[in-house]
Amino acid sequence: MKIAFVGKGGSGKTTLSSLFIRHLAAARIPVIAVDADINQHLGAALGLDEAEAAALPAMGAHLPLIKDYLRGANPRIPSADSMIKTTPPGEGSRLLRVGEDNVVYETCARAVELDDTRVRLMATGPFTESDLGVACYHSKVGAVELCLNHLVDGREEYVVVDMTAGSDSFASGMFTRFDMTFLVAEPTRKGIAVYRQYKEYARDFGVPLKVVGNKVQGPDDLAFLRAEAGDDLLVTVGHSDWVRAMEKGRPTRFAYLEEANRRALETLHDTADAAYERRDWERYTRQMVHFHLKNAESWGNAKTGVDLAAQVDPAFVLFEGAATPQPA
């Protein structure tokens, strides 16, 4: 299951995504955590110290390796140089699975210990000073989009992505890659404004969206969110002494998280799990191709010097049981 956490900056989406990751890990569910935010804080939220978080490999820096692995023996993709972030898989492409070992995970993922279990953490890499004025952050998250395009995942395995803040997530087709999107909203006009933007964009593509109210301090906050988000409001989260201790570098075992917040995470899990029944791999593949052709026409063909529409395999549909050729 592919799950996105979105919201305005400061809404608490990174904290909520890290709690959800911990919840899944505590239930012994395989999970890959992905930090796709321009502010790389997911590692710290999962307990890494500053040096450990800074040492995480940047997916964007290993994009050539990712491309070369994923293209496999696909005859429509003669070289990694001709691939862009939206390149879809086809016959002969290598696909990714959550629980496997492969060169992409070996290079770009690191194990993070959480109590008596662990998760894989991947990160796009920070927006550095050398990028200023010459690069767009969405070029960095292209590595995440490419991996999601080639991912075949089942019900009891999760990829949880902490997305970039605000409506920037719509600068690529990655927002359509998820089984469920949790929008973290504070009970404020700014928080609701991001929700309205996201809902409007997502509606045209059938993106499942639920609102998680955060920093809710009383009945008035709850009533505000209910009035503004209606049936999209799934659950609310209030103050957490456990989170405050973790942010001070004094974490306790996850089992000590407050009961109300544990129930909220269970609600998120139940909602994500229920989305499995609505999976439509054909629609998923069509949307993948749609955004690839759109990117090809707007900039990809000019950048690569080839007709990227030729990369589309019209007979290929990504699905859970799809086979992938292995490295020689």
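- When all heavy atoms are compared, the tightest approach of Ser240 to Glu258 is OG-OE1, 2.9 Å.
- With a 6.0 Å radius and a threshold of 12 heavy atoms from other residues, nucleotides or ligands, Glu247 has its CD atom above the threshold.
- For Tyr69 and His62, the ring centers sit 6.0 Å or farther from each other.
- Test Gln40, Lys13, His41 against Asp162 for side-chain hydrogen bond (donor to acceptor under 3.5 Å, both in side chains) and you get one pass: Lys13.
- The number of heavy atoms from other shown groups lying within 6.0 Å of CZ (Arg244) does not exceed 12.
- The aromatic rings of His23 and Phe20 sit parallel to each other, their planes meeting at less than 30°, with 60° as the upper class boundary.
- No more than 12 heavy atoms of other residues, nucleotides or ligands shown are found within 6.0 angstrom of CZ on Arg226.
- Listed by chain and residue number, nothing satisfies the ring pair (Phe, Tyr, Trp, His ring centres under 6.0 Å) test with Tyr195 (two or more places apart in sequence, or in another chain).
- Between Trp242 and Phe254, the angle of the ring planes goes over 60°, which puts this pair in the perpendicular group of the 30/60° scheme.
- Under a 4.0 Å N-O distance rule, the pair Asp116/Arg28 qualifies as a salt bridge.
- Nearest heavy atoms, Gly60 versus Ala143: N-CB, 4.3 Å.
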Inset, instruction - Given side chain to side chain contact (heavy atoms under 4.5 Å, CB included), test Val184 with Phe5 step by step and report yes or no. - result: CA-CA 7 Å; Val184 181; Phe5 280 81; 4.1 Å; yes
N/O donor to acceptor pairs below 3.5 angstrom from side-chain atoms of residues 202-215, sequence neighbours left out:
| from | atom 1 | to | atom 2 | distance (Å) |
| --- | --- | --- | --- | --- |
| Lys210 | NZ | Asp231 | O | 3.3 |
| Asn214 | ND2 | Ser11 | O | 2.8 |
| Lys215 | NZ | Gly10 | O | 2.6 |
| Lys215 | NZ | Glu186 | OE1 | 3.4 |

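- Judged by distance alone, with hydrogens and angles left aside, the side-chain atoms of Ser82 form no donor-acceptor pair with the main-chain N or O of Ile77 at under 3.5 Å.
- The side-chain contact (heavy atoms from CB on, under 4.5 Å) test with Leu16 is passed by exactly one of Val237, Asn261, Ile21, Val243: Val237.
- In terms of heavy atoms, Ala58 sits closest to Gly125 at CB-CA, 3.7 Å.
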Inset, instruction - Go through the steps for Asp101 and Arg120 under the test salt bridge (Lys or Arg N to Asp or Glu O under 4.0 Å), then give the verdict. - result: CA-CA 11 Å; Asp101 293 320; Arg120 279 172 167 158; 2.5 Å; yes
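- Between Arg196 and Asp232, no side-chain nitrogen of the basic residue sits less than 4.0 Å from a carboxylate oxygen of the acidic one, so the salt-bridge criterion is not met.
- With a 6.0 Å radius and a threshold of 12 heavy atoms from other residues, nucleotides or ligands, Glu259 has its CD atom above the threshold.
- Of the charged side-chain nitrogens involved, at least one lies within less than 4.0 Å of a carboxylate oxygen, so that Glu277 and Arg155 count as a salt-bridged pair.
- Atom CD of Gln217 has 12 or fewer heavy atoms from other residues, nucleotides or ligands within 6.0 Å.
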